[in-house]
Protein chains: 2
Amino acid sequence: MTNDQLSQTFHALSDPTRRAMLARLSQGEINVSDLAKPFLKDMSLPAVTKHLKVLENAGLVTKSKDAQYRPCKLNGSPLKDANDWMETYRQYWEDSLDRLGEYLKTVKKSTKGKNHGRKK
Amino acid sequence: MTNDQLSQTFHALSDPTRRAMLARLSQGEINVSDLAKPFLKDMSLPAVTKHLKVLENAGLVTKSKDAQYRPCKLNGSPLKDANDWMETYRQYWEDSLDRLGEYLKTVKKSTKGKNHGRKK
DNA sequence: CCGATATTTAACTAAATGGTTAATTAACCA
DNA sequence: TGGTTAATTAACCATTTAGTTAAATATCGG
């Protein structure tokens, strides 16, 4: 995996376990073992710790200390950049009844001629 | 990598080469070797083909046929689900001057007492 | 201090990723 | 037909990932 911020964020989101952890964290702080509980039928605690580490490395989760507990907190700020990146593609998923956009695409295509878009 | 749709989409976005390919594709259809051109100083053509495959598997790119060329087209629709997923976390990255939200977090914390949030 | 709980680290393994070069397939065109 | 271009596939390799079990660390509480 590449280690620029945006790549790390998208990578962290590319796993259902990690997304479920974020979902739980969106309801409030929770320590590691309580956070892990729903996943322990599928994987071990160290496996959960590793997923948590991926989220931490992406900056999506921060841990603090409370006795032997490690309360985890969601930090959404990396999602802002991810969202900004996606925003530039919005027109490509919104129903493209944007006739100007459609028209321009058509024009571009028809100017290509028979040389498959390469120089003569 | 997990193979549910959303995971595949986020995974596809978690690489700068693939994001650059999408950026280029957002300007219009382009065949494989023209799309590959900017990357050939960093990697071979088969490497590009593989990245393209990841984008195809995620449904973000479709290929058609024009003689020996394979024009590639951006398909943004998988980004809709990704965006919808992120949307539910918007409040966690938008500047939280949402005083109600802040207040509720505070309350939750203070009701925990000394038992670290566990049952008696 | 001691035993229990919470969490992390270590050491290992199987499978996936991301790249390579060489070979193959497919279509054009002179 | 035969050479050229476009693209994919095959075979291979190094590194990373995602999991495991077992051991280590840290803090609480009696």
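Convention: sequence-line order gives letters A, B, ...; per-chain numbering from 1.
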What is the distance from [atom1] of [X] to [atom2] of [N], rounded to the nearest Å?
{"X": "A:Gln68", "N": "D:dA26", "atom1": "CD", "atom2": "P", "result": "13 Å"}
{"X": "A:Phe39", "N": "D:dA18", "atom1": "CZ", "atom2": "P", "result": "15 Å"}
{"X": "A:Tyr69", "N": "C:dA6", "atom1": "OH", "atom2": "P", "result": "5 Å"}
{"X": "A:Asp42", "N": "D:dA18", "atom1": "CG", "atom2": "P", "result": "15 Å"}
{"X": "B:Asp66", "N": "C:dA27", "atom1": "CG", "atom2": "C1'", "result": "11 Å"}
{"X": "B:Met43", "N": "C:dT17", "atom1": "CE", "atom2": "P", "result": "16 Å"}
{"X": "A:Asn31", "N": "C:dT8", "atom1": "CG", "atom2": "P", "result": "10 Å"}
{"X": "B:Asn3", "N": "C:dA15", "atom1": "CG", "atom2": "P", "result": "16 Å"}

| query | Looking only at side chains, do B:Ser7 and A:Arg19 share a donor and an acceptor under 3.5 Å apart? | reply | yes
| query | Out of C:dT8, D:dT17, D:dA7, which has the shortest distance to the side chain of B:Arg70? | reply |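 Closest nucleotide among those given: D:dA7.
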| Quick one: which of C:dT7, D:dA7, D:dA18 gets closest to the side chain of B:Ser33? |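 Among the listed nucleotides, the one closest to the side chain of B:Ser33 is D:dA7.
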| Watson-Crick or G-U wobble partner of D:dT20, both distances under 3.5 Å |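 Across any shown strand, D:dT20 pairs with C:dA11.
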| field | DNA chain C: 5'-proximal contact among A:Met1 and A:Val32 (nearest heavy atom) | value |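 First, find each residue's nearest nucleotide; the 5'-ward one identifies A:Val32.
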| Mind checking whether A:Thr49 and A:Lys53 have side chains closer than 4.5 Å, heavy atoms only? |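 No, their side chains stay 4.5 Å or more apart.
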| Hey, are the side chains of A:Leu74 and A:Glu29 touching, using non-hydrogen atoms and a 4.5 Å cut-off? |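 The answer is no; the side chains never approach within 4.5 Å.
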| task | Check for a donor-acceptor pair, side chain of A:Asn31 on one end and backbone N or O of A:Arg70 on the other, with a separation under 3.5 Å. | result |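 No.
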| Would a distance-only check, ignoring hydrogens and angles, find a side-chain to backbone donor-acceptor pair under 3.5 Å from A:Arg18 to A:Ala12? |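 Yes.
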| Which of residues 47-59 of chain A have a heavy atom under 4.0 Å from DNA chain D? |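 Per residue number, the list reads A:Ala47, A:Lys50, A:His51.
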| message | On DNA chain D, does the nearest nucleotide to A:His11 precede the nearest nucleotide to A:Lys65 from the 5' side, or the other way round? Give the residue. | response |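 First, find each residue's nearest nucleotide; the 5'-ward one identifies A:His11.
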| note | Residues pairing under ring pair (Phe, Tyr, Trp, His ring centres under 6.0 Å) where one sits in residues 30-65 of chain B, two or more places apart or in two chains, turn out to be none
| request: Spell out, yes or no, whether A:Val32 and A:Val54 are grouped together once hydrophobic residues are joined by side-chain heavy atoms under 4.5 Å, including indirect joins. | output: no
| Using a cut-off of 4.0 Å on non-hydrogen atoms, how would the nucleic acid contact of B:Lys63 be classed: base, sugar-phosphate, or nothing? |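 The residue B:Lys63 makes sugar-phosphate contact but no base contact.
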